[in-house]
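Remember, predicted model here, so these are calculated numbers, not experimental data.
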Amino acid sequence: MDPIRNIATGTICLLDAIGGLLTLFGLSASYLFFNEHFGWTLGCFQIVIWYVLLLNLFSWFNFIFIKPYKYIPLFILSIANLGYCLAIGIAIKAACLVATPITTAYFLIETLIILSLAVLEWKRARQIKNELAAH
């Protein structure tokens with residue numbers, strides 16, 4: 001049996017929203033207290049933090065208001081999370097962030113976690129869509 005079959009959309013959105021809060025906290029701490037290691041430029045930080053904030057608000061909205069087995073919000077969250085990972089990669093490549101070992105480790109771990117969540121969201125959304133099409 002597939003372990004993600006019984007996970008409701010709201011549960012995944014809650015997981016995404018809590019992860020988003022942790023990301024907001026981590027990014028803010030990296031900018032405010034450890035910027036000598038991360039090397040954020042203000043413009044780059046503002047773009048990334050606004051992206052994460054909007055994605056986080058979307059996750060909370062879906063957790064609170066969307067019915068349990070809707071699949072479109074999960075597709076959107078999955079694509080948005082992949083977009084965040086891509087944006088961080090571009091930020092590092094474009095020298096908005098200094099690629100120190102600390103920066104690399106932090107964003108590698110964060111990217112792996114977010115990619116895992118994006119895959120979970122995508123798989124569950126596809127399952128829900130297929131289940132609804134079968135009925």
Side-chain angles (χ1 to χ4, degrees):
M1 174 153 184
D2 191 359
I4 66 170
R5 179 164 303 285
N6 295 323
I7 301 174
T9 301
T11 304
I12 296 174
C13 290
L14 177 62
L15 184 62
D16 196 274
I18 291 170
L21 287 177
L22 292 173
T23 297
L24 284 169
F25 175 75
L27 291 174
S28 297
S30 74
Y31 182 74
L32 295 172
F33 304 114
F34 305 106
N35 203 30
E36 65 274 3
H37 300 291
F38 284 80
W40 284 104
T41 62
L42 180 60
C44 184
F45 175 75
Q46 288 174 334
I47 290 168
V48 171
I49 206 80
W50 276 107
Y51 186 91
V52 172
L53 181 63
L54 292 174
L55 182 58
N56 191 262
L57 291 174
F58 183 73
S59 296
W60 283 110
F61 175 84
N62 286 314
F63 170 67
I64 295 168
F65 296 110
I66 301 297
K67 295 188 188 227
Y69 292 97
K70 296 290 184 183
Y71 62 90
I72 293 174
L74 291 181
F75 279 129
I76 293 169
L77 281 173
S78 179
I79 292 167
N81 280 327
L82 292 173
Y84 172 74
C85 293
L86 182 64
I88 288 298
I90 290 170
I92 291 172
K93 188 73 173 161
C96 289
L97 286 166
V98 177
T100 64
I102 293 172
T103 307
T104 304
Y106 175 84
F107 286 112
L108 182 63
I109 292 167
E110 185 179 62
T111 299
L112 290 174
I113 292 168
I114 292 171
L115 285 176
S116 299
L117 182 59
V119 168
L120 173 71
E121 291 164 345
W122 188 267
K123 283 184 175 183
R124 185 60 186 130
R126 199 175 67 215
Q127 279 182 346
I128 293 170
K129 183 179 178 187
N130 291 340
E131 289 169 6
L132 291 174
H135 287 100

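Side chain of Ser116 to backbone of Leu112: a donor-acceptor contact under 3.5 angstrom is found. Side chain of Thr9 to backbone of Lys70: a donor-acceptor contact under 3.5 angstrom is found. Panel note: side chain Ser30, backbone Leu27; a donor-acceptor pair is recorded below 3.5 Å. Of the possible donor and acceptor atoms, none in the side chain of Tyr71 sits under 3.5 Å from a partner among the backbone N and O of Asn130.
Ile7 places a side-chain heavy atom less than 4.5 Å from the side chain of Leu120. Between Tyr84 and Ile114, the closest side-chain pair of non-hydrogen atoms falls below 4.5 Å. Inter-residue side-chain proximity for Trp60 and Leu14 is flagged as met; some heavy-atom pair is nearer than 4.5 Å.
The hydrophobic clustering, which links ILVMFWY residues whose side-chain heavy atoms are closer than 4.5 Å, places Phe25 and Leu21 apart. Cluster membership check: Leu82 does not share its hydrophobic cluster with Leu55, using side-chain heavy-atom separations under 4.5 Å among Ile, Leu, Val, Met, Phe, Trp and Tyr. Taking hydrophobic clusters as Ile, Leu, Val, Met, Phe, Trp and Tyr residues chained together by side-chain heavy-atom distances below 4.5 Å, Ile47 does not share a cluster with Leu32. Under the 4.5 Å side-chain heavy-atom criterion for Ile, Leu, Val, Met, Phe, Trp and Tyr, Leu115 and Leu108 are members of distinct hydrophobic clusters. Leu54 is not connected to Ile79 by any chain of hydrophobic side-chain contacts under 4.5 Å among Ile, Leu, Val, Met, Phe, Trp and Tyr, and they are in different clusters.
Between the OG1 atom in Thr11 and the CZ atom in Phe63 there is a gap of 7.5 Å [rounded to 0.5 Å]. Annotation: the span from Asn81 atom CG to Leu117 atom CG amounts to 5.5 Å, rounded to 0.5 Å. Between atom CD1 of residue Ile113 and atom CG of residue Leu22 there is a gap of 9.0 Å, rounded to the nearest 0.5 Å. The structure places CZ of Arg126 at 7.5 Å from CZ of Phe75, a figure rounded to the nearest 0.5 Å. Rounded to the nearest 0.5 Å, atoms CD1 (Ile109) and OG1 (Thr104) are 11.0 Å apart. In this structure, the separation between CG on Leu74 and NZ on Lys123 is 14.0 Å, given to the nearest 0.5 Å.
When all heavy atoms are compared, the tightest approach of Asp16 to Ser59 is OD1-OG, 2.5 Å. Counting all heavy atoms, side chain and backbone alike, Ala80 lies closest to Tyr51 at O-OH, 2.7 Å.
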Checking side chain to side chain contact (heavy atoms under 4.5 Å, CB included) for the pair Asn62/Phe58: CA distance, chi angles, key distance, verdict? CA-CA 6 Å; Asn62 286 314; Phe58 183 73; 2.9 Å; yes
